[in-house]
J.: 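Got a structure for you, questions after.
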Amino acid sequence: MQPLAALVFDVDGTLADTERDGHRVAFNRAFDEAGLGWHWDVARYGRLLRVTGGKERIRQYLSEDWPDRLREPGIDERIRALHAAKTRHYVAMLETGAIPLRPGVRRLLEEARAGGLRLAIATTTTPENVTALLKATLGGDGIGWFEVIAAGDVVPAKKPAPDIFHRALQALDLPPAACLAFEDSDNGVRAARGAGLPVIVTTNEYTRDQDFTGALVVLDGFGEPGAPATVLAGAAPVSPYVDVPSLLHWHRMAQGSA
Ligand code: XBP
Ligand code: MG
């Protein structure tokens with residue numbers, strides 16, 4: 001049996017609830033700045049989240065509301081520029097401390113590090129967004145907590161393709177059986193499973209009704225002492241919240257030896 005050696009975390013919706021009050025707001029600020037008159041409300045953004053990747057999401061929106069604009073010369077460059085502006089607004093929001101880590105995340109990361117588990121990130125979002133989030137929430141050395149940060153356009157295909165998880169496993173030089181992945185969305189679960197990773201889901205407002213077939217366990221969050229996590233599917237944690245003993249228990253289950 002492979003011992004558990006590393007934890008591979010998704011970022012958006014998993015480490016922090018970034019979509020509704022972070023990315024969406026930053027997109028709208030970039031649209032305003034560009035004088036486009038576009039606005040993504042909470043519901044519309046929820047539907048657009050079916051497409052992973054910010055540039056891809058702008059393209060999806062155009063295909064739905066302004067299909068002719070997709071044929072305009074230079075549209076790719078304009079999407080890139082608009083997305084770069086969005087990233088600038090998003091990073092500025094993070095630097096104000098506007099987006100905290102989800103309850104239980106910092107505790108679990110600290111417990112995992114104390115327990116000798118290696119930490120990695122596999123995310124669709126732009127690398128600057130990851131470093132800004134980690135710096136703003138964990139402090140200057142927070143980035144160093146993660147041995148591997150695989151993010152954004154470093155891989156050709158985004159989630160639900162498994163590429164970003166393959167990239168993280170390669171960088172860790174570990175087989176999927178020695179790891180556990182953490183995700184919040186069905187696209188993420190399919191990506192992690194596509195890379196052979198056992199995956200633990202923590203849902204959020206945008207993803208709670210999605211299909212998490214293939215996940216080891218589905219919870220409404222990581223939980224904290226005194227604020228237990230609710231199990232929505234799969235085996236309960238060893239403690240009322242997600243901790244290292246629970247991870248070891250789920251990992252054994254994943255290998256059929258619990
Ligand atoms: C979620 C995504 C990202 C973000 C926006 O990433 O799909 O595209 O919504 O970030 P994760 P960018 O894999 O962490 O859940 O605009 O930088 O793409
Ligand atoms: Mg996510």
Side-chain angles (χ1 to χ4, degrees), residues 1-19 49 52 101-124 146 159-160 162 164-166 168-169 172 174-258:
M1 191 183 93
Q2 274 282 348
L4 178 61
L7 309 181
V8 185
F9 289 90
D10 168 51
V11 173
D12 296 303
T14 302
L15 290 182
D17 242 333
T18 55
E19 297 290 4
L49 270 177
T52 60
L101 294 176
R102 292 184 71 175
V105 167
R106 185 179 185 124
R107 171 189 51 75
L108 182 62
L109 295 175
E110 288 173 339
E111 283 175 14
R113 292 176 78 227
L117 291 173
R118 300 161 69 189
L119 302 180
I121 278 175
T123 175
T124 308
F146 295 87
K159 299 174 184 176
I164 199 74
F165 282 104
H166 283 310
L169 289 170
L172 286 166
L174 286 172
C179 305
L180 283 173
F182 296 81
E183 266 288 352
D184 72 303
S185 69
D186 53 1
N187 281 328
V189 169
R190 286 163 56 200
R193 296 301 300 138
L197 283 156
V199 56
I200 293 167
V201 173
T202 53
T203 65
N204 54 59
E205 177 201 347
Y206 274 134
T207 68
R208 69 167 56 97
D209 302 323
Q210 293 181 351
D211 173 1
F212 299 113
T213 302
L216 256 182
V217 60
V218 182
L219 308 118
D220 67 348
F222 291 90
E224 288 278 32
T230 304
V231 178
L232 306 172
V238 172
S239 317
Y241 48 87
V242 179
D243 58 2
V244 170
S246 301
L247 300 184
L248 295 170
H249 167 64
W250 285 320
H251 184 250
R252 283 191 297 274
M253 276 177 56
Q255 301 193 81
S257 58

J.: Which distance, rounded to the nearest 0.5 Å, do you find between the CG of Leu7 and the SG of Cys179?
T.: 8.0 Å
J.: Between Ala122 and Ile164, what is the shortest heavy-atom contact and its length?
T.: CB-O, 3.9 Å
J.: Just jot down the side-chain contact (heavy atoms from CB on, under 4.5 Å) partners of Pro225, sequence neighbours excluded, or say none.
T.: Arg107, Tyr241
J.: Can you list every side chain to side chain donor-acceptor pair (under 3.5 Å) pair that touches residues 211-222, not counting sequence neighbours?
T.: Asp211-Thr213, Asp220-Thr230
J.: Return yes if some donor-acceptor pair links the side-chain N/O of Arg193 with the main-chain N/O of Leu197 below 3.5 Å, else return no.
T.: yes
J.: Check whether any side-chain heavy atom of Leu180 sits under 4.5 Å from a side-chain heavy atom of Leu117, and report yes or no.
T.: no
J.: With Val8 as reference, evaluate Leu119, Leu172, Ile121, Val199 under the side-chain contact (heavy atoms from CB on, under 4.5 Å) test and give the passing residue.
T.: Leu172
J.: Side chains of Leu15 and Thr123, heavy atoms from C-beta outward: is any pair under 4.5 Å?
T.: no
J.: Once you round to the nearest 0.5 Å, how far does NZ of Lys159 lie from OG1 of Thr124?
T.: 4.5 Å
J.: Considering the options Leu4, Val217, Val238, which one meets the side-chain contact (heavy atoms from CB on, under 4.5 Å) requirement together with Trp250?
T.: Val217
J.: Please answer whether the main-chain N or O of Ala177 pairs with a side-chain N or O of Gln2 as donor and acceptor at a distance below 3.5 Å.
T.: no
J.: Do Val242 and Ile200 come close enough that some side-chain heavy atom pair is under 4.5 Å?
T.: no
J.: Roughly how far apart are Asp184 CG and Leu219 CG, rounded to 0.5 Å?
T.: 13.0 Å
J.: Do Leu174 and Arg118 come close enough that some side-chain heavy atom pair is under 4.5 Å?
T.: yes
J.: Ignoring hydrogens and geometry, is there a side-chain-to-backbone donor-acceptor pair from Ser185 to Gly188 under 3.5 Å?
T.: yes
J.: Could you tell me the separation between the NE2 atom of His249 and the CG atom of Asp243, rounded to the nearest 0.5 Å?
T.: 11.0 Å
J.: So which atom in Pro237 and which in Val231 form the shortest heavy-atom distance, rounded to 0.1 Å?
T.: CD-CG2, 3.4 Å
J.: Restricting to non-hydrogen atoms, name the atom on His166 and the atom on Ala195 that form the minimum distance, rounded to 0.1 Å.
T.: CE1-CA, 3.7 Å
J.: OG of Ser246 to CG of Leu108: how many Å apart, nearest 0.5 Å?
T.: 9.0 Å
J.: Does any non-hydrogen side-chain atom of Thr202 lie less than 4.5 Å from one of Val105?
T.: no
J.: Within this structure, what is the OH-OG1 distance for the pair Tyr206 and Thr18, rounded to the nearest 0.5 Å?
T.: 10.5 Å
J.: The criterion is ring pair (Phe, Tyr, Trp, His ring centres under 6.0 Å); which residues satisfy it with Phe212, sequence neighbours excluded?
T.: none
J.: Provide the closest heavy-atom pair for Ala181 versus Phe165 in the form atom of the first, atom of the second, distance.
T.: CB-CE2, 4.1 Å
J.: For the pair Glu183 (side chain) and Val201 (backbone), establish whether a donor and an acceptor sit closer than 3.5 Å, ignoring hydrogens and angles.
T.: no
J.: Can you confirm whether Glu19 sits close enough to Glu205 that some side-chain heavy atom of one is under 4.5 Å from a side-chain heavy atom of the other?
T.: no
J.: Taking the inter-plane angle between the rings of Phe182 and Phe9 on a 0 to 90° scale, is it parallel (under 30°), tilted (30 to 60°) or perpendicular (over 60°)?
T.: parallel
J.: Please report the closest heavy-atom contact between Ala215 and Val189, naming both atoms and the distance.
T.: N-CG1, 4.3 Å
J.: Taking all atoms of both residues into account, what is the closest heavy-atom pair of Arg102 and Thr14, and its distance?
T.: CD-O, 3.1 Å
